[in-house]
There are 2 protein chains.
Amino acid sequence: MSASGKQRPTMVDVAEKAGVSRALVSIIFRDQPGASQETRERVLRVADEIGYRPDNAARLLARGRSRTLGVMFTVHQTFQADLVEGIYPEAERLGYEVLLSATSQGRSEVKAVEALLSHRCEAVILLGPDMEAADLDALGHRTVAVSVGRRVPQTRVDSVHTAEGKGVRQAMDHLVELGHRRIVHIDGGRGPGSAERRRAYRAAMRRHGLQPELRVIPGDHTEESGIETGRLLLAERDRGLPLPTAVLAGNDRCAMGLLMALTRAGVEVPGDLSVVGYDDSHLSHLMPIGLTTVRQDSLLMAEYAVRFAVERLEDGELEPREAVLDPKLVVRGTSGPAPEGPA
Amino acid sequence: MSASGKQRPTMVDVAEKAGVSRALVSIIFRDQPGASQETRERVLRVADEIGYRPDNAARLLARGRSRTLGVMFTVHQTFQADLVEGIYPEAERLGYEVLLSATSQGRSEVKAVEALLSHRCEAVILLGPDMEAADLDALGHRTVAVSVGRRVPQTRVDSVHTAEGKGVRQAMDHLVELGHRRIVHIDGGRGPGSAERRRAYRAAMRRHGLQPELRVIPGDHTEESGIETGRLLLAERDRGLPLPTAVLAGNDRCAMGLLMALTRAGVEVPGDLSVVGYDDSHLSHLMPIGLTTVRQDSLLMAEYAVRFAVERLEDGELEPREAVLDPKLVVRGTSGPAPEGPA
DNA sequence: TACTCGCACTAGCGCGCGCTAGTAGAGCGC
DNA sequence: GCGCTCTACTAGCGCGCGCTAGTGCGAGTA
């Protein structure tokens, strides 16, 4: 037997060996009524003996539906990994399979989505999509699509995200209550949710009368971005400018980068400076003192995403929906009272 | 048009609209000779108009081969994300598609692999598999399998890994040269490569005459493990025991956790203590001073894995092969001279 | 005996495509 | 005219399975 010559056994093989028709084998493997208990057991035993497994490709060709959800995600985005982890069980619960397709440099979102569709996924769940709204809309016309983490108003695409505004507001209120005034925000660039977070930060600063201190530092949702910001702030300090007393990072990864840069340089967290992240990915626990962050419930988001997709598949008339989940500030060790002293 | 009623156009639709036979459309989409340039363009234009895309499921049913590689990976393992990123381009270069299937808690390796096989993957690439050698061997008999990061001698499974021993030896020599003697190793538990690293650590300690200082702390390949170890070491210090002067972590994630725990507690790295990781995942750059680590070339490993799989598929008689890549110590900021003074 | 009913099982078409074995027609040489 | 070759295209089977419309048969009823 050559390695490449490993012939997959088919239903016909099982049927012949068991002395029944192929149709009956089909019935048995679909767990449909129409076969005696005795025959069921015999056929299953035979199938097991010759190593038969149903061929999904053929299966989903034969029945019109594939009952498969495609998930597009970005390698290296921690929070998306959390989401993927939540998607599997919910999909299984509803009787759907899951196919993953990653984007990375050199593999665009379009490519990743095409791969999913060509494998007959009935719906695609896009984790933090970065494509144009128009492209998203077009995709929504071609198939059932759900965007997670990014709002997509006015399109035929369902979306699941958290009320970014609320989350940021909670974080800002928390910091202000602790006496912070010089609070800067590291922007998430084109990252999912960034625009809303930036807006909410600005609004919160104004609301608290901190307009003069308002400062948005460009960045993105990576550790590098946090490190760079850290370097920038340290350089400013060395030139005599005051450090901010608190930083609202674009997400947890960014916050972690910032923390690494600052603590290495001897800045006390939260003594000299407080840091708040966003996501509550498992990174939040990396800091021994815990990262104060705005929790997005990845499990719940995954659940919604899967359910939106499935419900749209089963009732095509449904209008696009939007789930806006409540974020929740989780106070851990990286936020504390603002340091004393003059600005 | 209801959302779920989005009927995918098929070749028949294209053929009818273009006024040719379905077979000709097939020829054109497979880029085979047998159609005039003029017809080609017309058919492709028509196909584009009605939004036709080839159906992969049907395609791989019709031709015997699917030309698809399945990749099993673990969500959250950073280094595996690096590997996935390398697998895509190499597979594409060789004309293969890639299907991903993740393991996580609640989704076992067996489940993940079954999902891949049921979608007619011709071969599976297992990133850091944790299953029994016997199960791996069985899988190797059923299909073409490649294990990445874990050695699997005596099985019908190709494997790609680095010479863990060499890597550890380089790291240990580096530390000893810097004057370190009290070097502990955080074990990687059942993680890929752990056994070899542990063995090599022991051997290196003996070789350098440091047997009395030999110490392996149980752990695994997560940040949590590093944090716990950090806590443990700090607690020991508080009880008057000396800190080790250097730690060889099980991998980068573990090293990062350790660094977070130690630097938070005021331990100077590398002043008081040096830390060496393993993998050179992108985490290594998270530390502003850079993590000294043993580099595993993820791109090269991915390339080997894909090529092994493909070559076995195209020549089934090939015996299982093993690629052992040379690791390379990358010295960055977390390792420095051993601190002075008595133990 | 004749007639239904229900259970266990089978025949056979179709899913969308790849692929082999063709055919029709144009062009060419003699 | 005939035979040949070459290009452009088509007919039709098969991939492994789902599914509808059956068939056969024993038990129960009148």
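In the text below, chain A, chain B and the rest are named by the order of the sequence lines, each starting its count at 1.
Computed from coordinates, the A/Arg65 CZ to D/dC17 C1' distance equals 17 Å when rounded to whole Å. Computed from coordinates, the A/Ile28 CD1 to D/dG16 P distance equals 20 Å when rounded to whole Å. When the C1' atom of C/dG16 is taken as reference, atom CG of A/Asn56 falls 16 Å away, rounded to whole Å. Residue B/Arg40 contributes atom CZ, which lies 13 Å from atom P of D/dT7 at whole-angstrom precision. Atom pair B/Arg53:CZ and C/dG16:P shows a separation of 16 Å (rounding to whole Å applied). Straight-line distance from the CG atom of A/Asp55 to the C1' atom of D/dG16: 6 Å, rounded to whole Å. Between the CZ atom of B/Arg42 and the C1' atom of D/dA8 there is a distance of 12 Å, given to the nearest Å. Distance, B/His119 NE2 to D/dC17 P: 14 Å, rounded to whole Å.
Under the 4.0 Å criterion applied to side-chain N and carboxylate O atoms, A/Lys111 and A/Glu114 are not assigned as salt-bridge partners. One finds no salt bridge joining A/Arg156 and A/Asp137 here, because no Lys/Arg side-chain nitrogen approaches an Asp/Glu carboxylate oxygen to under 4.0 Å. A/Arg45 and A/Glu41 are not joined by a salt bridge, as no carboxylate oxygen comes within less than 4.0 angstrom of a charged side-chain nitrogen.
Distances shown here put a side-chain N or O of A/Thr39 below 4.0 Å from the OP1 or OP2 atom of C/dC9. Neither OP1 nor OP2 of D/dG16 sits under 4.0 Å from any side-chain N or O of A/Thr10. When the side-chain nitrogen and oxygen atoms of A/Ser36 are compared with OP1 and OP2 of C/dC9, one or more of them lie within a distance under 4.0 Å.
Nearest nucleotide to the side chain of A/Val20, out of C/dT10, D/dC17, D/dT10: C/dT10. Nearest to the side chain of B/Leu24, among D/dC17, C/dA8, D/dT10, sits D/dT10.
At the heavy-atom level, A/Val12 lies nowhere under 4.0 Å from the strands shown. Backbone-only engagement by B/Arg120 is indicated by non-hydrogen atom pairs under 4.0 Å involving sugar-phosphate atoms exclusively.
Below 30°, between 30° and 60°, or above 60°: for B/Tyr52 and B/Phe29 the angle between ring planes is above 60°, a perpendicular geometry.
Remark: of the listed residues B/Gln105, B/His76, B/Arg107, B/His76 is the sole one forming a side-chain hydrogen bond (donor to acceptor under 3.5 Å, both in side chains) with A/Glu85.
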Are any protein N/O atoms closer than 3.5 Å to N/O atoms in nucleotides 18-21 of chain C? If there are, list each pair with its distance.
from: C/dG18; atom 1: OP1; to: B/Arg59; atom 2: NE; distance (Å): 2.6
from: C/dG18; atom 1: OP1; to: B/Arg59; atom 2: NH2; distance (Å): 3.4
from: C/dG18; atom 1: OP2; to: B/Ser26; atom 2: OG; distance (Å): 3.0
from: C/dG18; atom 1: O6; to: B/Arg22; atom 2: NH2; distance (Å): 2.6
from: C/dC19; atom 1: OP2; to: B/Arg30; atom 2: NH1; distance (Å): 2.9

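Put simply, CG on B/Leu44 and CG on B/Asp48 are 8.5 Å apart, with the number rounded to the nearest 0.5 Å.
Between the side chains of A/Gln296 and A/Asp82, no donor-acceptor pair is found at a separation under 3.5 Å.
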